[in-house]
Amino acid sequence: MNWRKLLLPLSMFWWIGTEVRNSFYNAGLFPSKKFNKAIIIVGNLSVGGTGKSPHVIYLLDLLRHQFNVVALSRGYGRKTSGIRVANYDSTAGEIGDEPMQFFNRFKNRILVAVGEDRVETIEYLNSNYQVDAVILDDAYQHRKLKSDMKILLTSYNDRYSTDCLLPAGNLREAKKNAKRAQIVIVTKCPEFPDLDEQISIHRELKIKPKQHLFFSKVVYSEIIEHRKYPMKLADAKHYNILAITGIANPQPFIDYLNANFNQVRELRFPDHYNFKPSDIQHIADAFKEIEGEKLILTTEKDYMRLRHEYMIVDNLYYLPISILIDRSEEFNQIILNYVQRFQTSY
């Protein structure tokens, strides 16, 4: 028996709190701001692990060729406060690992900003930059901001339909609130489901007539990246790996490494972990213990927090991921049509 089920009585208090809050927003008793801009919210009902970052990257890549697009996050885990706009001198400690990941991917081809108050930050961006679209990372529960394009993510092997509220489960709010989304994406599919399974999941998630359901899967890069010397994955398969993870659900990453490399030893840290000098020393010592040709391999998000650690950086690589979306042309067109509704000439 899952011991967390013993906490079900406490989940009732969580339900009361979230339902009262949502009802106040729905009734207009709490203010909610709407901008004359394309605002795209990416989020989930559960706590972490649904793959928000690669989906935000997908959207940024889709839109950046035609629009002035901003990636906006609160900058979870950063050591600063207030509004910050990423630049070449920014660090994960200043803006957070996920915003740093977005900037590292696209550099100045997009704008990356962080701010605790998303409404205030968007007002600042509108006043100081030319903005066509804002993509908000992990903002499904941010009801102070109105959007007509909310994308709700749920993992294939851990769908919100089978979960329950905190603390007994991982849901931040009740399942019925999935109805606020315009698009629902079932993420981390091992393969795209056939038609019968898609219909079954459609019913299970209680997708509404005006909602769109899509499925996505993770694709690992054929290159492992390094600050100076990237390497083809095929050329590195004989290496022994020290894997460093500090993400919500590292198991798929570790499974992939075990299937593609000679030997893998993992050092696992909590999600968004701020590495201390003693942790870096531990990583360096563990790496010394590995024999033969070897390297340290981490996720792209973890790399943002490790890339300035001189003790390990020369041996540090990361494995980028991207996503594929089934019926991608249909999905892309929905997003493009939405953003084009707000486009103005400058």
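Sequential numbering from 1 along the given sequence is applied to the chain's residues. We use all heavy atoms of the structure for the numbers below, so side chains are in, but hydrogens, waters and symmetry mates are not.
- Hydrophobic cluster membership is shared by Phe215 and Leu205, with clusters built from Ile, Leu, Val, Met, Phe, Trp and Tyr side chains linked at under 4.5 angstrom.
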For Asp314 and Arg227, what are the C-alpha separation, side-chain angles and deciding distance, and is it a salt bridge (Lys or Arg N to Asp or Glu O under 4.0 Å)? CA-CA 8 Å; Asp314 287 343; Arg227 66 189 181 108; 2.4 Å; yes
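- Two residues are said to be in side-chain contact when any heavy atoms from C-beta on lie closer than 4.5 Å; Glu330 and His212 meet this criterion.
- A donor-acceptor contact shorter than 3.5 Å is absent between the side chain of Lys288 and the backbone of Ile283.
- A continuous path of hydrophobic side-chain contacts links Val42 to Ile95 [ILVMFWY only; heavy atoms under 4.5 Å].
- With 3.5 Å as the limit, one finds no donor-acceptor pair spanning the side chains of Asp194 and Gln198.
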Side chain to side chain contact (heavy atoms under 4.5 Å, CB included) for Asp61 and His65? Distances and angles first, verdict last. CA-CA 7 Å; Asp61 196 40; His65 302 285; 4.0 Å; yes
Stepwise salt bridge (Lys or Arg N to Asp or Glu O under 4.0 Å) test for Arg265 and Glu289: CA-CA 11 Å; Arg265 176 184 174 184; Glu289 295 172 1; 3.0 Å; yes
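- Counting heavy atoms from C-beta on, the side chains of Ile335 and Met149 come closer than 4.5 Å.
- Scored by the side-chain contact (heavy atoms from CB on, under 4.5 Å) test, Ile199 finds Leu195, Arg203 as partners (sequence neighbours excluded).
- Thr154 contributes atom OG1, which lies 8.0 Å from atom CG of Asn44 (distance to the nearest 0.5 angstrom).
- With hydrogens and angles left out, the side-chain atoms of Tyr273 and Asp279 include a donor and acceptor closer than 3.5 Å.
- Using modelled atom types and a 3.5 Å distance limit, the side chains of Ser46 and Asn170 yield no donor-acceptor pair.
- Closest approach of Phe192 to Asp326, counting heavy atoms only: CZ-N, 3.4 Å.
- Remark: the Glu173 side chain and the Asn22 side chain contain an N/O donor-acceptor pair separated by less than 3.5 Å.
- Each of Ile323 and Val186 belongs to its own hydrophobic cluster when Ile, Leu, Val, Met, Phe, Trp and Tyr are linked at side-chain heavy-atom distances under 4.5 angstrom.
- In this structure, Leu242 and Lys294 have side chains that are not in contact, with every pair of non-hydrogen atoms separated by 4.5 Å or more.
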Could you go step by step and tell me if Tyr229 and His226 meet the ring-ring contact (aromatic ring centres under 6.0 Å, His included) rule? CA-CA 5 Å; Tyr229 309 113; His226 184 273; 5.7 Å; yes
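- The ring-ring contact (aromatic ring centres under 6.0 Å, His included) contacts involving residues 107-153 comprise nothing, where partners must be two or more places apart or lie in separate chains.
- Between Phe275 and Phe269, the ring centre distance stays below 6.0 Å.
- Glu293 and His238 share a donor-acceptor pair across their side chains, judged by distance under 3.5 Å alone.
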Evaluate the criterion salt bridge (Lys or Arg N to Asp or Glu O under 4.0 Å) for residue pair Lys232 and Glu222; output intermediate values, then yes/no. CA-CA 6 Å; Lys232 290 182 180 179; Glu222 295 182 358; over 6 Å; no
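- In the hydrophobic clustering (ILVMFWY side chains linked at under 4.5 Å, chained through shared members), Ile223 stands by itself.
- Within the 4.5 Å cutoff, the side chain of Thr298 has no heavy atoms near those of the Thr245 side chain.
- Using modelled atom types and a 3.5 Å distance limit, the side chains of Ser23 and Asn26 yield no donor-acceptor pair.
- The same ILVMFWY cluster, assembled from side-chain heavy atoms under 4.5 Å apart, contains both Val47 and Tyr156.
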Given Trp14 and Cys164, is the side chain to side chain contact (heavy atoms under 4.5 Å, CB included) satisfied, shown in steps? CA-CA 11 Å; Trp14 191 279; Cys164 58; over 6 Å; no
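- Distance check: Asp97 CG to Met100 CE gives 10.5 Å after rounding to the nearest 0.5 Å.
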Evaluate the criterion side chain to side chain contact (heavy atoms under 4.5 Å, CB included) for residue pair Leu171 and Leu45; output intermediate values, then yes/no. CA-CA 5 Å; Leu171 296 186; Leu45 293 182; 4.0 Å; yes
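- Across all non-hydrogen atoms, the minimal contact from Asp148 to Arg341 is OD2-NH2, 3.9 Å.
- The local environment of CE in Met231 is crowded, with over 12 non-hydrogen atoms from other residues, nucleotides or ligands closer than 6.0 Å.
- Using modelled atom types, one finds a donor on one side chain and an acceptor on the other under 3.5 Å when comparing Arg268 with Gln251.
- Qualifying salt bridge (Lys or Arg N to Asp or Glu O under 4.0 Å) partners for Asp117, counting only residues two or more places apart in sequence or in other chains: Lys144.
- For the side-chain contact (heavy atoms from CB on, under 4.5 Å) test, residues two or more places apart in sequence or in another chain that qualify with Ile321 are Pro54, Val218, Tyr220.
- Applying the 6.0 Å contact sphere to NZ of Lys107 captures more than 12 heavy atoms from other residues, nucleotides or ligands.
- Note: the hydrophobic cluster containing Tyr25 also contains Leu152 (ILVMFWY, side chain heavy atoms under 4.5 Å, direct or indirect links).
- Looking at Phe106 and Val112, their side chains never come closer than 4.5 Å, going by heavy atoms from C-beta outward.
- Thr121 has its side chain out of reach of Arg118: every pair of non-hydrogen atoms, C-beta onward, lies at least 4.5 Å apart.
- Atom OH of Tyr318 and atom CD of Glu225 lie 4.5 Å apart (nearest 0.5 Å).
- Side-chain contact check for Asp132 versus Val69: every heavy-atom pair is 4.5 Å or farther apart.
- In this structure, the separation between CD1 on Ile135 and OH on Tyr58 is 11.5 Å, given to the nearest 0.5 Å.
- Looking at Thr187 and His55, their side chains never bring a donor and an acceptor atom within 3.5 Å of each other.
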Show the numbers, then the answer: is there a side chain to side chain donor-acceptor pair (under 3.5 Å) between Tyr160 and Asn177? CA-CA 11 Å; Tyr160 60 75; Asn177 293 307; over 6 Å; no
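- Between Phe30 and Phe24, the distance separating the two ring centers is shorter than 6.0 angstrom.
- A donor and an acceptor atom, one from each side chain of Asn274 and Arg305, are nowhere located under 3.5 Å apart.
- Judged as a side-chain hydrogen bond (donor to acceptor under 3.5 Å, both in side chains), the pairs with a partner in residues 70-84 (not counting sequence neighbours) are, in order, Arg78-Thr80, Arg78-Glu116.
- The distance from atom CD1 of Ile41 to atom NZ of Lys146, rounded to the nearest 0.5 Å, is 12.0 Å.
- Under a cutoff of 6.0 Å and an axis angle of 45°, Arg105 and Phe103 do not form a cation-pi pair.
- Taken to the nearest 0.5 Å, the CD1 atom of Ile57 stands 4.0 Å off from the CD atom of Gln101.
- Residues Tyr317 and Tyr303 keep their aromatic ring centres 6.0 Å or farther apart.
- Residues Leu10 and Leu7 meet the side-chain proximity criterion, which asks for heavy atoms closer than 4.5 Å.
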The test is side chain to side chain contact (heavy atoms under 4.5 Å, CB included); show your working for Leu319 and Phe253 and say whether it passes. CA-CA 9 Å; Leu319 179 61; Phe253 175 73; 4.1 Å; yes
